[in-house]
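Remarks on the structure that follows.
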Number of protein chains: 2
Amino acid sequence: MSTAPRTVSTTRKPKEEVADVSSEAGGTEYLETLLGYNASRAAHTLVSHFIRGVGSFDLRTVDFSVLSVIGHWPGVTSRQLCQQLNVLPPNMVVLLRDLDKRGLIERQPHPTDRRAVGLLLSTSGKALMKKAEKAASAADLLGSTRLSSAERKNLVRLLQKIYISAA
Amino acid sequence: MSTAPRTVSTTRKPKEEVADVSSEAGGTEYLETLLGYNASRAAHTLVSHFIRGVGSFDLRTVDFSVLSVIGHWPGVTSRQLCQQLNVLPPNMVVLLRDLDKRGLIERQPHPTDRRAVGLLLSTSGKALMKKAEKAASAADLLGSTRLSSAERKNLVRLLQKIYISAA
DNA sequence: TATTGTTATACTCTATAACTATA
DNA sequence: TATAGTTATAGAGTATAACAATA
């Protein structure tokens with residue numbers, strides 16, 4: 001159930017090779033019946049578009065997600081980010097350290113819990129994310145140009161039906 | 001654009017914290033507008049179900065995919081698998097070596113190209129995949145129980161519209 | 001000159017154990 | 001006793017360079 005590119009083998013010749021029994025889909029005909037395979041491949045395509053569009057801001061998907069959540073939930077703690085974005089605490093530490101080094105986020109004492117630290121976007125972090133979210137949205141649309149607006153909306157709904165309230 | 005679990009922070013209290021301005025979605029409201037984010041999360045959910053259902057066969061998604069393609073395209077070469085499943089040749093080598101060690105695949109000389117090796121499922125590989133594909137299909141359905149049959153079909157169609165003929 | 005399969009290796013990502021300060 | 005943040009490190013996954021055999 002790996003993702004795959006759309007590059008198709010150039011060396012295959014339609015009829016003369018030994019094993020060309022069921023190669024219309026290049027052997028993936030079963031895999032293509034699985035939602036997991038299809039969702040993984042679509043996600044891979046969309047993430048590729050994301051990287052092309054947002055990579056110039058020097059943000060990986062996980063950096064972008066973290067900054068987006070902080071931006072939309074100012075004061076969020078590291079632990080809450082971990083839960084929301086499925087990142088383990090030790091890995092979040094280095095991630096936040098790097099974003100802090102770049103001056104994109106600020107840390108403030110948590111109002112009620114002295115163990116915790118509230119996270120905020122800095123002024124430059126806000127400016128960056130304003131541009132980055134615009135670029136991300138454009139890249140996301142570019143990755144789904146073959147979908148109508150209604151299809152896109154429907155796709156979001158169906159995908160959320162899978163991951164909301166599920167593991 | 002990372003994936004996320006559905007575990008929601010337990011420490012947040014609705015009104016008394018500093019930054020509870022826009023936390024209905026836990027800060028992910030923008031991310032949820034992106035197909036890439038939604039597809040990644042849905043894929044993560046479905047792959048989790050896959051692992052629960054197929055992991056007992058000691059097959060990762062990539063092993064399963066490779067075996068499935070070999071099964072449905074007997075005689076396929078390592079290079080063709082790489083292209084079809086987005087795995088780099090050096091990594092495919094160790095993957096195939098392990099599957100070979102386990103007796104799940106066999107290698108035969110390629111009929112026309114003496115550099116290449118054709119891959120086949122062994123008898124036990126076929127037997128394993130018969131059970132594993134059944135388990136994978138069941139797990140995939142389990143991961144999408146909230147979808148009707150029509151919705152599922154539609155979802156596959158929409159996802160393929162994204163990754164077919166796209167990068 | 002290009003391609004298949006391969007080795008060796010580096011790099012990134014993800015996961016685990018354990019510590020401190022605080023709840 | 002449990003949790004937030006952290007350190008150090010191990011392990012898995014992914015990527016690059018280079019080689020021999022063959023096209």
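Computed from a prediction, not measured in an experiment: that's the story for all the values here. Naming convention: chains lettered A, B, ... in sequence-line order (proteins, then strands); numbering from 1 in each chain.
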Legend entry - Under 3.5 Å donor-acceptor pair, R114(B) side-chain atoms to dT22(D) base atoms: no

Inset, instruction - Would you sort out whether V87(A) and N91(A) count as a side chain to side chain contact (heavy atoms under 4.5 Å, CB included), showing the intermediate values? - result: CA-CA 7 Å; V87(A) 175; N91(A) 301 326; 4.0 Å; yes

Inset, instruction - Name the closest nucleotide to the A116(B) side chain, picking from dG5(C), dT22(C), dT16(D). - result: dG5(C)

Inset, instruction - Look only at the side chain of T28(A) and the backbone of L31(A), and say whether a donor-acceptor pair between them is shorter than 3.5 Å. - result: no

Inset, instruction - Look at R79(A) and dA4(D) and indicate whether a side-chain polar atom (N or O) is within less than 4.0 Å of OP1 or OP2. - result: yes

Inset, instruction - Would you check if the side chain of Y30(A) reaches a backbone N or O of E133(B) as a donor-acceptor pair within less than 3.5 Å? - result: yes

Inset, instruction - Rounded off to whole Å, could you give me the CD1-to-C1' distance for the I51(B) and dA15(C) pair? - result: 14 Å

Inset, instruction - Can you tell me the distance, in whole Å, between the CE atom of M92(B) and the C1' atom of dT7(C)? - result: 17 Å

Legend entry - side-chain N/O R60(B) vs dA12(D) OP1/OP2, d < 4.0 Å: no

Inset, instruction - Send over the distance from L119(B) CG to dT4(C) C1', rounded to a whole Å. - result: 12 Å

Inset, instruction - May I have the distance from Q108(B) (atom CD) to dG5(C) (atom P), rounded to whole angstrom? - result: 13 Å

Inset, instruction - Mind calculating the distance between CG (L88(B)) and P (dT7(C)) to the nearest angstrom? - result: 16 Å

Legend entry - d(NE2, H110(B); C1', dT6(C)) in whole Å: 18 Å

Inset, instruction - Between dT16(C), dT4(C), dG5(C), spot the one nearest the side chain of S78(B), thanks. - result: dG5(C)

Legend entry - Distance in angstrom units between Q80(A) CD and dG5(D) C1', rounded: 13 Å

Legend entry - Among dG5(D), dA15(C), dA8(C), the nucleotide that comes nearest once only the side chain of P90(B) is considered: dA8(C)

Legend entry - Atom-pair distance (NE2 on H44(A); C1' on dG13(D)), nearest Å: 14 Å

Inset, instruction - Select from P89(A) and R115(A) the residue whose nearest nucleotide in DNA chain D is closer to the 5' end of that strand. - result: R115(A)

Legend entry - dT6(D) phosphate, OP1 or OP2, under 4.0 Å from R107(A) side-chain N/O: yes

Inset, instruction - For N91(A), answer base if it contacts any base atom (sugar-phosphate contacts may also be present), sugar-phosphate if it contacts only those atoms, and nothing otherwise; contact means non-hydrogen atoms under 4.0 Å. - result: base

Inset, instruction - Give a yes or no on whether a salt bridge exists between R60(A) and D98(A), defined as a side-chain N under 4.0 angstrom from a carboxylate O. - result: no

Legend entry - Straight-line distance of L121(B) CG to I105(B) CD1, nearest 0.5 Å: 8.5 Å

